[in-house]
Number of protein chains: 2
Amino acid sequence: MLSKKTQYALKALGYLAGKYGQGPVLISEISIEKKIPIKFLETILLELKQANILESKKGKGGGYYIAENPKKISLARAIRVVGGPIALLPCVSLNFYEKCLDCDEATCGLNKAMALTRDATLKILEKKTLAELIDG
Amino acid sequence: MLSKKTQYALKALGYLAGKYGQGPVLISEISIEKKIPIKFLETILLELKQANILESKKGKGGGYYIAENPKKISLARAIRVVGGPIALLPCVSLNFYEKCLDCDEATCGLNKAMALTRDATLKILEKKTLAELIDG
DNA sequence: ACAGCAGTCTACTGATACAATAGACTTAAA
DNA sequence: TTTAAGTCTATTGTATCAGTAGACTGCTGT
């Protein structure tokens, strides 16, 4: 299951994708439209900015906007930034790998099965982009 | 990510699958062989029994054993018993479905993407069985 | 019958991560 | 120079995860 935080992030990104090219969008606007607690949303957007998915402008007329064409940003990338690993086990994670303590990966059936599901999941999440989160 | 509990469950089931047809196996044996805290393992095995994946025998010569041929029990079934949903969002879960509060599933791009990943994941986890978790 | 083995059950505890909140600070535009 | 907006630090409540303790029940062999 994706965490609430990750779900909020994806909803916010979908909203911003729909406004791509139209200048900065207020945190408060996203918060109201997408029903996300504003203070929580602040921290999420900041993380996405630090990962170069979003950019921001301070002061009057400021707000957040997507840093590059939404079609160039995959869901996998966004999920990793706010939600961590996509794989079901650390020993099959590409970006957050940790070795299994008590099994040999070459012969572990569980490892094989989970590596397959990781591949299947990534095939979709690397392909889908923020542009496909736009409403309607 | 699968919880520690789910990982322990799958490791224990793999061990039991390797001993299928050889009578009851002690909790303590599984605990030592698979390096799982014994008290934690107790609760996990009990859950698996209540879901009819395992059976048990009390007293001397007792222990746990798999209830039916390991080839008949999918990883998806086992994971659902101890770990809950496989889908990444409640609104695309088949067994633990919850409606999204603020989006229309028919038009929600996120819903579509997550439904696809659920299908891809299940295709693998419904097919893989406990028999494939046997070591070596 | 009973001794001891092994699973069952109830209850609790500590740690961690998730979710959310408060308030002071910085930057930029009008 | 006032005001709007994002930024940062810090704290809090809550739930779930992970693990522990100990008493109880049922089975088997002697």
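What you are looking at is a predicted structure, and each value in this text was computed from that prediction instead of being measured. Labels below follow one simple rule: chain letters A, B, ... track the order of the sequence lines, proteins then strands, and each chain is numbered from 1.
Rounded to whole angstrom, the span from the CD atom of B:Gln50 across to the C1' atom of C:dG7 amounts to 12 Å. Taking atom CG on B:Leu46 and atom C1' on C:dT10, their separation rounds to 12 Å, with Å as the unit. The NZ atom of A:Lys5 sits 12 Å away from the P atom of C:dA17 (whole-angstrom rounding). Rounded to whole Å, the distance from CD on B:Glu47 to C1' on C:dT10 is 15 Å. Distance CE (A:Met1) to C1' (D:dC17): 16 Å, rounded to an integer number of Å. Going from atom CD1 of A:Ile27 over to atom P of D:dA4 covers 15 Å, rounded to whole Å. Protein atom CD1 of B:Ile36 is 16 Å distant from nucleotide atom C1' of D:dT20, rounded to whole Å. The distance from atom NZ of A:Lys4 to atom P of C:dT21 is 13 Å, rounded to the nearest whole Å.
Listed for the B:Glu132 side chain is a donor-acceptor partner under 3.5 Å among the backbone atoms of B:Thr129.
The phosphate of D:dC17 has neither OP1 nor OP2 within less than 4.0 Å of any side-chain N or O from B:Gln7. For C:dA19, the OP1/OP2 oxygens have no side-chain nitrogen or oxygen of A:Tyr8 closer than 4.0 Å.
Donor-acceptor pairing under 3.5 Å is lacking for the side chains of B:Ser31 and B:Ser28.
Nucleic acid contact for B:Lys39: base, since at least one base atom lies under 4.0 Å from a heavy atom of the residue. Nucleic acid contact class of B:Leu26 (heavy atoms, under 4.0 Å, all strands): sugar-phosphate only.
With contacts defined as side-chain heavy-atom distances shorter than 4.5 Å, the pair B:Leu88/B:Val92 does not qualify. For the pair B:Gln7/A:Leu89, a side-chain contact is recorded, criterion being any heavy-atom separation below 4.5 Å from C-beta on. With a 4.5 Å cut-off on side-chain heavy atoms, A:Glu29 and A:Lys34 do not count as touching. Side-chain contact check for A:Cys108 versus A:Met114: every heavy-atom pair is 4.5 Å or farther apart.
Two residues, B:Thr43 and A:Thr43, neighbour DNA chain C, and the one matched to the more 5' nucleotide by heavy-atom proximity is B:Thr43. If A:Glu42 and B:Thr6 are placed on DNA chain D by their nearest nucleotide, the residue sitting closer to the 5' end is A:Glu42.
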Assign a letter to each nucleotide of nucleotides 25-30 of chain D from its 5' end: B, base within under 4.0 Å of a protein heavy atom; S, sugar-phosphate only; -, no contact. BBBS--
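Between B:Tyr8 and B:Phe40, the gap from one ring centroid to the other is short of 6.0 Å.
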